[in-house]
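Below you'll find the structure, written out as structure tokens, and then a few comments.
Chain letters run A, B, ... following the sequence lines, proteins first, then strands; residues in each count from 1.
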There are 2 protein chains.
Amino acid sequence: MPTMKDVARRAGVSVSTVSRVISGSDRISAATKERVRAAMKELGFHPNAIARSLASKTAGTIGLVVSRSPENAFANSFFPEVIRGIGSVLSKHGYYLLLIMTDDPEVERAQTLAALRSRRVDGAIITSSRVSDTLFRHLVDEKQKFVLIGRVLDDLPVSYVDNDNVKVGYMATRHLIEAGYRRIAMISGDPQYIVSLDRIEGYKKAISEAGMEFRKEYLVNAGFTREAAEEACQKLLALDQPPDAIFAADDTMASGAVRAILKSGLRIPEDVGVIGVNDDPLASMMRPALSTVRIPVFELGVWAARILMDLLSDGETVPRQMVLPGTLVVRESSSTRGLFSA
Amino acid sequence: MPTMKDVARRAGVSVSTVSRVISGSDRISAATKERVRAAMKELGFHPNAIARSLASKTAGTIGLVVSRSPENAFANSFFPEVIRGIGSVLSKHGYYLLLIMTDDPEVERAQTLAALRSRRVDGAIITSSRVSDTLFRHLVDEKQKFVLIGRVLDDLPVSYVDNDNVKVGYMATRHLIEAGYRRIAMISGDPQYIVSLDRIEGYKKAISEAGMEFRKEYLVNAGFTREAAEEACQKLLALDQPPDAIFAADDTMASGAVRAILKSGLRIPEDVGVIGVNDDPLASMMRPALSTVRIPVFELGVWAARILMDLLSDGETVPRQMVLPGTLVVRESSSTRGLFSA
DNA sequence: TGCTCATGTGCAATCGTTTGCACTGCTGGA
DNA sequence: TCCAGCAGTGCAAACGATTGCACATGAGCA
């Protein structure tokens, strides 16, 4: 592999000059530029990114920590979409994306810390927010640059972008109420995740606002998996007073609920209404097509990346926090109830 | 950030000694090791990965090129699964994964080449194989280390791991035949991808082997999207002699076909049988549950990574090629036909 | 004619490691 | 008693770029 030294020799200039030609900047005569460029081409020279990083003290890489938690499990399209969003920003800035993803949460934490501490990455985007996690505190203490997709409960000075999950829960529940359903149950995700707590809060808010009573037995946890959701839904339907609508905290769980309902011989949406969250491809593909609250996943990625870029370039220090809204998407699994109850 | 120099000073030894303690190797007295370790801990020292890479001439990173082609679109679980497989191997070897993924194929190629040439990554795993692509030739010429998930048509000395797509096509078609279907159409993916050609070949083989006649109008291209598949299937059903079974080259397209069939008032599997490929979560979730040929995606990732590791460590030079089999998974969309025709 | 400055280029230090080689003591066998 | 050999450590040269500073040249101006 040729180095700048070789190029310099060939072009009859010094390495500094070559360097300056490459970085484009500075005052180099057109003639010299030309000769250096030619030499580079002739030798097939490509600058060594590692050496460059060492000298310039920036890795040119940012880490993306993807928790393989059920929360953003791969049954749904969260992960690819968020990457797409991030990538669209990073590529403009010439950054590469280092993926940190493993089955083991401990390994994940260790790798995240290692990547940042070893300066292998200049910053990180983290896509999980458990209720209790000391990782963020560590990162803040070490003044590492990172952005969270999600949010933190305590008042750590952390930059994050999140969707408004309280509102998401509220919108979904509210929609069911307006569609005429009266006994609305919620199948929630693992309460270890903040997103779960938020959506539950929204659910409760809509319930009480409508003057309905919150029933403990109508709120069940299915850990973001379809199987658990199906089972949970069966139990709900077996109650003395079974619910006439189900709000599932994501589309995957909603699909489980749908299955349980249909198996039990009930009709959707006539007997039981269902709504999910995410609007992943599955939702429109199911029969009946699933009503849902769409989350702007791509945008979450975009904003997380933008904020991180700012953090890195401006040396910005005040944490920025951002909340994006969801959108109600009404499909077959809930829309027509009004007709029946009317 | 403390450097090895600081640690060395504190421990009263030379940098070389510190380095040797870190790398674990070599002959360092227990006492010295202890002192150095203590110094590192006291200073909160973490070795700089970039400097390390420069000196050791290995990036410790491998690139994963994810083509956002429809072939491995995110509607299915190909991408996450393959990453999981790769990750499980890489983490054992202490490698990080650099993700190269963009909407634009040209940018993708450029980034791939740049990452390898700049030695930002030690090698790459590439997940696309278009029929005509000069990328591989370039990479081979430059002696870059890479493994392809998929395969090449020409006889380039390229290491790859692929599933046996001819056989996959054969198995799916054969199954339909054995289930009693007689007019079997195929909805294929974009013929620009080798995988498509292979599955078509398998389809034809099974057809002719069963003494059936290959009909040109029974082979249609739907570019791996559900919408196109639905449309294509409608047209098939409108033929004078409509098919009584559909082999779709992936589950996503199969779901489109299912929708078209049901819309037209026909029953599955009684009137029309359907089979897909992949066995992604969607397949078991659909109603009727979709018969399919399962592809060992996780294993593809594992083997690609293993082969790349060998390429990097042994300086191995003979290309290794590997083909993994698929598995027939019979569900509701095809199984019972035998009962009716009997 | 002499001085100032802008322009273009080179020198050499620096980034933080790794690693081949040389050196110092000591141990133990002949 | 001498010397080979080894364990333990340090020196200093890489690795391949970036960058502050110094320097040479020639133009512009008084």
What does the list of N/O pairs under 3.5 Å between the protein and nucleotides 24-27 of chain C look like, with a distance for each?
none

Every protein N/O lying under 3.5 Å from an N/O of nucleotides 14-18 of chain C:
unit_1: C:dC15; atom_1: O2; unit_2: A:Ala55; atom_2: N; d: 3.4
unit_1: C:dT17; atom_1: OP1; unit_2: B:Asn48; atom_2: N; d: 3.1
unit_1: C:dT17; atom_1: OP2; unit_2: B:Met4; atom_2: N; d: 2.8
unit_1: C:dT18; atom_1: OP1; unit_2: B:Arg52; atom_2: NE; d: 2.8
unit_1: C:dT18; atom_1: OP2; unit_2: B:Ser19; atom_2: OG; d: 2.5

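Between A:Arg120 and A:Thr61, the shortest heavy-atom distance links the atoms O-CB, 3.8 Å. In plain terms, the two heavy atoms of B:Val140 and B:Pro157 that are nearest each other are CG1-CG, 4.0 Å.
With values rounded to the nearest 0.5 angstrom, A:Leu300 atom CG is found 6.0 Å from A:Ile149 atom CD1. Residue B:Ser67 holds its OG atom at 11.0 Å from CZ of B:Arg109, rounded to the nearest 0.5 Å. Between atom CD of residue B:Gln321 and atom CZ of residue B:Arg151 there is a gap of 10.0 Å, rounded to the nearest 0.5 Å. Remark: A:Ser91 OG to A:Ile86 CD1 distance equals 12.0 Å, nearest 0.5 Å.
In terms of phosphate contacts, B:Ser53 brings no side-chain nitrogen or oxygen within less than 4.0 Å of OP1 or OP2 of D:dC15. At least one side-chain nitrogen or oxygen of B:Ser29 sits closer than 4.0 Å to the OP1 or OP2 atom of D:dT9.
Atom CZ in B:Arg119 sits about 12 Å away from atom P in D:dA17, given to the nearest Å. Protein atom CG of A:Leu43 is 14 Å distant from nucleotide atom P of D:dG16, rounded to whole Å. Here the C1' atom of nucleotide C:dC21 and the CZ atom of B:Arg27 are 11 Å apart, to the nearest Å. Rounded to an integer number of Å, the gap from CZ of B:Arg35 to C1' of D:dG10 is 13 Å.
Just one residue in the list A:Arg37, A:Arg9, A:Arg10 forms a salt bridge (Lys or Arg N to Asp or Glu O under 4.0 Å) with A:Glu42, and that residue is A:Arg10.
Remark: A:His46 NE2 is packed, more than 12 non-hydrogen atoms of other residues, nucleotides or ligands lying under 6.0 Å away.
With DNA chain C read from its 5' end, the first of the two nearest nucleotides for A:Ser14 and B:Thr17 is the one closest to A:Ser14.
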